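Here the structure is laid out as structure tokens; the discussion comes afterwards.
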There are 2 protein chains.
Amino acid sequence: MDHEPDASELLVHASHALRRSWMASLEPWNVAPHEFRALRAAADMEPARLSDLADRLRIANRSVTEVVDSLEGKGLVQRAPSPTDRRAVVVSLTESGAHMMSEIAGARSAAGQAFLEPLSEQERATLSTLLARLVGDSPPHRSHR
Amino acid sequence: MDHEPDASELLVHASHALRRSWMASLEPWNVAPHEFRALRAAADMEPARLSDLADRLRIANRSVTEVVDSLEGKGLVQRAPSPTDRRAVVVSLTESGAHMMSEIAGARSAAGQAFLEPLSEQERATLSTLLARLVGDSPPHRSHR
DNA sequence: TATTGTTATACTCTATAACTATA
DNA sequence: TATAGTTATAGAGTATAACAATA
């Protein structure tokens, strides 16, 4: 029943370890993981329609309402009516939201670097190349849809 | 604000893609992901004390009661009093649970292979080596604690 | 005094359905 | 007729606290 872990098992183990480290680096800001994901997506697509956020985050429309409510409650984003579609709502980051995003992104990237520390520059490049092939080469979740 | 994804970002993207494929391969069996995780852990540590399962799965003791209840309700595992500690309960797989585990493991490994298909044998080996270094070399979650 | 598993309860994240207002 | 976002409601998965039995 015991077997050597193959590349796919190792992949999820490594990603779990990294994710735990990222979650830890999120703590000082009192922002839940799903809130950070939404904040990052909003920053990335700014100004973002709620339904586009739903697609990007792979969650239901209703759930976007939820997380945007909480981000708005924390003063990190703000809603505005879409200028082009009167049914739609777009969110953008407040100054404080943008500031927090950049601080968290810094901590996150530091944690990522620390995680990759066992590998040389050369090895990281190799890893990146192989992983990019696995996710289909095209950088995932790019802003242009 | 747009930046090239580094190895750590790619790592989670790849692992997410793989996890989605694994979840899909779980569907035919009507077993939720967290149930499969618990079933696999139980198989791996058999006979497993509930509190050891909690440690392994990184969830609270109370939550193990929950998932073991549901696995037991599906006839996949069974509880028994620990022979060495009268406070404790151990779970073991039923015949049907063991059978399902091996079928799912097969489907899962097939999905893993399909996912790795873009890489040559050589490249998979390289990937494994690099990832193993990242997770600390010692194969993660080995039975001996 | 500490630990095991459970009962009771509640939280977080996400979902479906029904509705309003636009398109 | 279809879509965007919301209100109302519910589900899954996990958590904390209090407890009884045992260590």
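Lettering of chains follows the sequences in order, A, B, ..., and the numbering in each one begins at 1. Every heavy atom of this structure was used, including side-chain atoms; hydrogens, water molecules and symmetry mates were not. This structure is a prediction, so every number in the text was calculated from the model and none was measured.
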query: Does the side chain of B:M100 reach to within under 4.5 Å of the side chain of B:V31, using non-hydrogen atoms?
result: yes

message: I want to check something: taking the side chain as every heavy atom from C-beta on, are A:L134 and B:L127 in contact at a cut-off of under 4.5 Å?
response: yes

task: Among D:dG5, C:dT6, D:dT16, find the nucleotide with the atom closest to the side chain of B:R79.
output: C:dT6

query: Within a strict 4.5 Å, meaning less than it, do heavy atoms of the A:R58 and B:R20 side chains meet?
result: yes

field: Any donor-acceptor N or O pair under 3.5 Å, side chains B:S120, B:E123
entry: yes

task: Tell me which nucleotide among C:dT14, C:dT6, D:dA4 gets nearest to the side chain of B:L50.
output: C:dT6

- prompt: Of the nucleotides C:dT4, D:dG5, C:dT14, which has the atom closest to the A:V89 side chain?
  reply: D:dG5

task: Treat primed atoms plus P, OP1 and OP2 as sugar-phosphate and everything else as base, then score nucleotides 18-23 of chain C 5' to 3': B for base contact with protein heavy atoms under 4.0 Å, S for sugar-phosphate contact only, - for none.
output: ---BBS

message: Please compare B:D69 and B:R49 by the position of their nearest nucleotide in DNA chain C and report the one closer to 5'.
response: B:R49

statement: DNA chain C nearest-nucleotide lookup for B:T65 and A:L57: closer to the 5′ end is B:T65

task: Indicate, with a heavy-atom threshold strictly under 4.0 Å, whether A:S51 touches base, sugar-phosphate, or nothing.
output: sugar-phosphate

field: For atom CG of A:N61 and atom P of D:dA2, their distance in whole Å
entry: 17 Å

task: Return the value, rounded to whole Å, for the distance between atom CD of B:E66 and atom P of C:dT4.
output: 20 Å

- request: Take atom CG of B:L71 and atom C1' of D:dG13, then tell me their distance rounded to the nearest Å.
  value: 13 Å

- request: Among the candidates C:dG5, C:dT14, D:dT16, find the nucleotide nearest to the side-chain atoms of B:R62.
  value: D:dT16

query: Would a 4.5 Å heavy-atom cut-off, applied to side chains only, mark A:L76 and A:S96 as touching?
result: yes

query: Out of C:dT6, D:dT14, D:dG5, which nucleotide sits closest to the side chain of B:I59?
result: D:dT14

Student check: side-chain heavy atoms of B:R56 and B:D52 closer than 4.5 Å: no

